[in-house]
Amino acid sequence: MRVQSSATTASRIAVATEREQRPGLGTLQAALGVIAFSLTFPATAWGLEGFGPWSLVAVRSVLAAVIAGGALLALRVPLPARRHWPGLAVVAAGVVLGFPLLTTLALETSTTAHAAVVVGLLPLTTALLSALRVGTRPSRTFWAASLAGAAAVLAFTVQQTGGALSTADLYLFAALLVCAAGYTEGGRLARVMPGWHVIGWALVLCLPLTVPVAAFALAQEPLRLTAHSVAGLLWVAAGSQFLGLVVWYRGMAAIGIPKASQLQLAQPLLTLVWSVLLLGEHLPVAAPLTAVAVLVCIAVTQRARG
């Protein structure tokens, strides 16, 4: 009982520390999460060079859970309270399973530039769900800047991809909804427990499903290990699935879900840069202009009352 009480007290102190940290530090942590996420699509494209879509998603989740579970076990972190498990299940369904699987299926037939459409709408969708679920009430200036940023990103991506809907788009729009739900619930939980506990327990929660799926998928889908495929797998597992979400949830707990979500307006443009550097894709001329517009919108949302 003393160990449990001590661990709970330490957890509460850690959450209080996250809450009391300077807003600038919270913004930096959320921005680091965005940078990590911006590499997800190029890394997934690399991973698909050697893994099937189901294998890639399941194995990345298992590897991330091993990292998270090892940390939770080493630090003797107690199980979350029963009232937090439904929220953790939403995080697991949204950011551990739903978003990775749906975007990976989309990237089988879509370019990374086209897949960036889902990220262009993700900040606005997350802010909307936060208002409904958590009760946040950002100012009109915040909403205007959010809509302007989303419009700029959408106009850019649609212009680049021709705006034609496909099966990949259906996967992407579904991914948008489940990810926004996972972000919102994770940001809410990160206010009552350390951010890395949120994603850590969500990953562990999925192990009974991801381990057998990984074993089955690896036996059924073709496997061709290359430097690219292994590097892509390791990044989406350790970087996107765990470390990126750790700093992301810490940032959301510090500056609020709406403001943190708007930093993701820069994610599609960062993804395009990585796509040029890592995949050899062509950088459109309109990208710098869109980048400037998005950065202005981000600056407004961070200064607005949120």
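Everything numeric here is computed off the predicted structure, so don't read it as measured data.
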Any side-chain heavy-atom pair from Leu102 and Leu172 closer than 4.5 angstrom?
-> no
Without hydrogens or angle criteria, can the side chains of Ser275 and Thr112 be said to hold a donor-acceptor pair below 3.5 Å?
-> yes
Quick one: are Gln241 and Val236 in side-chain contact, heavy atoms under 4.5 Å?
-> no
Residues 175-188 side chain polar contacts: donor-acceptor under 3.5 Å, at least two apart:
from   : atom 1 : to     : atom 2 : distance (Å)
Thr184 : OG1    : Ala180 : O      : 2.8
Glu185 : OE1    : Arg133 : NE     : 3.1
Glu185 : OE2    : Arg133 : NH2    : 3.2
Glu185 : OE2    : Arg188 : NE     : 3.0
Glu185 : OE2    : Arg188 : NH2    : 2.6

Looking at side-chain heavy atoms only, is the closest gap between Trp54 and Leu101 below 4.5 Å?
-> yes
Between Trp196 and Val77, is any pair of side-chain heavy atoms under 4.5 Å apart?
-> yes
May I ask you to test the Leu209-Leu97 pair for a side-chain heavy-atom distance under 4.5 Å?
-> yes
Supply the atom-to-atom distance Phe99 CZ to Leu122 CG, rounded to the nearest 0.5 angstrom.
-> 6.5 Å
Tightest non-hydrogen contact, residues Arg191 and Ala253, listed as NH1-O, 3.1 Å
For the residue pair Ser55 and Glu221, confirm or rule out a side-chain donor-acceptor distance under 3.5 Å.
-> yes
Output side-chain donor-acceptor pairs under 3.5 Å for residues 34-47, partner residues at least two apart or in another chain, one line each.
from  : atom 1 : to     : atom 2 : distance (Å)
Ser38 : OG     : Ile35  : O      : 2.6
Ser38 : OG     : Trp274 : NE1    : 2.9
Thr40 : OG1    : Phe37  : O      : 2.9
Thr40 : OG1    : Ser240 : OG     : 2.7
Thr44 : OG1    : Thr40  : O      : 2.7

Is any side-chain heavy atom of Trp248 less than 4.5 Å from a side-chain heavy atom of Ile199?
-> no
Would you list the atom pairs, donor with acceptor, under 3.5 Å between side chains in residues 82-95 and any protein atom, with sequence neighbours excluded?
from  : atom 1 : to    : atom 2 : distance (Å)
Trp85 : NE1    : Pro80 : O      : 3.3

Look only at the side chain of Ser229 and the backbone of Leu225, and say whether a donor-acceptor pair between them is shorter than 3.5 Å.
-> no
